[in-house]
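What you see below is based on every heavy atom in this structure, not just the backbone, and it leaves out hydrogens, waters and symmetry mates. We count ligands from 1, going down the list as the structure has it; atoms in each ligand are counted the same way.
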Amino acid sequence: MILGIETSCDETAAAVARADGAVLAEIVRSQVETHARYGGVVPELAGRRHIETIDQVVREALTRAGIGPHELSAVAVTGGPGLIGALLVGVAYGKALAYALRIPLFPVNHLEGHLCAASLGAGAVAPPFVALIASGGHTNLYHVKTWDEPELLGRTLDDAAGEAFDKAAKMLGLGYPGGPVIDRLAGEGDPERAPFPRPYPTCEDLNFSFSGIKTALLYYLRDREAEGRSWHVPDVAAGFQQAIVDVLVEKSLFAAKRCGVRDVVVTGGVAANSQLRARFEARGRDEGITIHIPPVGYCTDNGAMIAVAGARLLREGRVASLDFEPRADWVIGG
Ligand code: KG4
Ligand code: ZN
């Protein structure tokens, strides 16, 4: 049994998985209420909330799994990237628990955790595949040849896709986090009635850029306001969302063709987006590429992906050590 702990941003999460990767129990405690009134995550508050919550969350996960701490054979904890004050809480807790129980502790890279979430859905996926991780802090495309060897093909040069959703929602007065509310409103709107330029669409370059579309939205709203015209928020949400979704889908499929793989994994908070999921499935079918998107709860931050990543490290007989520090900027794949 492996305990997975995740505290890299604004979710305090823990899960128990078996060594074969089956998830027995998981708890995710969101801090959205703490940060909503500030319009984004306040790092210092995130760290404090993790301290208040972590012990309770771990105990609940163990209770739900029907085991006591002594039945654990390892602890896996997110070691980075993320907010340093938030990471420190999970890492300190994980170290203390592993030391007290005399069991190994595995630091897990948060992005590798998101990749591992691919095997939490229906049907396992094995390398080689292309993976898109689109979250509030990252938009990365990888060629995963083996689990240990993700090669970075492209990344955002400025804002992450989730950050673009969050900033757009702020401009439209829709609150935080922006992704889920834009997703919901877009379902009631017509993207053709508020078309936005595709941000950085050249497929030959697998990097992304989402700061331009944010400015396009700002000008759209400002021009309309100056002309005394109103706007239909669902149409704007739909147009904005479609521009981002199109670029994420087309670049990922292009990357798959370039790498000669037939499987694409899509994960991270933005992979919870309903339009993104539908468009990936449809375009994947057109191109003969199998799309793997975890269930929504495994796209956003969770402890199960960390426990499953830890289970793999344990199976591979990796050496674990208490002697590591969390790293806010821990990159994988170059
Ligand atoms: O992976 P995640 O939970 O945390 C990070 O590692 O960043 O991703 C959070 C991001 C936020 O920017 C949020 O707005 C976005 O994922 N998100 C969505 C949706 N649900 C969450 N973006 C678009 N559509 C959604 N349904
Ligand atoms: Zn994440």
Would you mind checking if [Y] and [X] are paired as a salt bridge, meaning a charged N to carboxylate O distance below 4.0 Å?
X	Y	answer
R283	E250	yes
R29	E60	yes
D148	R312	yes
E52	R49	yes
E281	R277	no

When you measure from [atom] to every protein heavy atom, which one gives the shortest distance, and what is it?
atom	value
atom 26 (N) of ligand 1	D183 OD2, 2.9 Å
atom 22 (N) of ligand 1	G179 CA, 3.3 Å
atom 24 (N) of ligand 1	N273 ND2, 3.0 Å
atom 3 (O) of ligand 1	D301 N, 3.0 Å

- prompt: Within 45° of the six-membered ring axis of Y99 and under 6.0 Å from that ring's centre, is NZ or CZ of R102 located there?
  reply: yes

task: Consider every N or O of G269 and every N or O of ligand 1, then say whether any pair is closer than 3.5 Å.
output: yes

- prompt: Is there at least one pair of N or O atoms, one from G136 and one from ligand 1, spaced under 3.5 Å apart?
  reply: yes

Given a cutoff of under 4.5 Å between side-chain heavy atoms of I, L, V, M, F, W and Y, with clusters grown through shared members, what are the other residues clustered with [X]?
X	answer
V57	I27
L45	Y38, V42
Y298	I2, V23, F106, V108, L120, M305, I306, V308, L313, L314

Counting from 1, what ligand 1 atoms have a heavy atom of [X] closer than 4.0 Å?
X	result
H114	1 (O), 6 (O)
G137	7 (O)
T300	3 (O)
G162	12 (O)
V270	16 (O), 18 (C), 22 (N)

query: Does H138 come within less than 4.0 angstrom of ligand 1, counting non-hydrogen atoms of the residue?
result: no

- prompt: Is the shortest distance from a heavy atom of C9 to ligand 1 less than 4.0 Å?
  reply: no

Within reach of ligand 1, part of H110 (heavy-atom separation under 4.0 Å): side chain

- line: Within the 4.0 Å heavy-atom cut-off, what D166 brings close to ligand 1 is side chain

Check for me, please, whether [X] and [Y] land in the same ILVMFWY cluster - side-chain distances under 4.5 Å, paths through other members count.
X	Y	answer
V125	L253	no
I54	I84	no
I182	V32	no

- request: Everything protein-side that's N, O or S and under 2.8 Å from the Zn ion (ligand 2): list it, residue and atom.
  value: H110 NE2, H114 NE2, D301 OD1

message: Under 6.0 Å between ring centres: does that hold for Y220 and F196?
response: yes

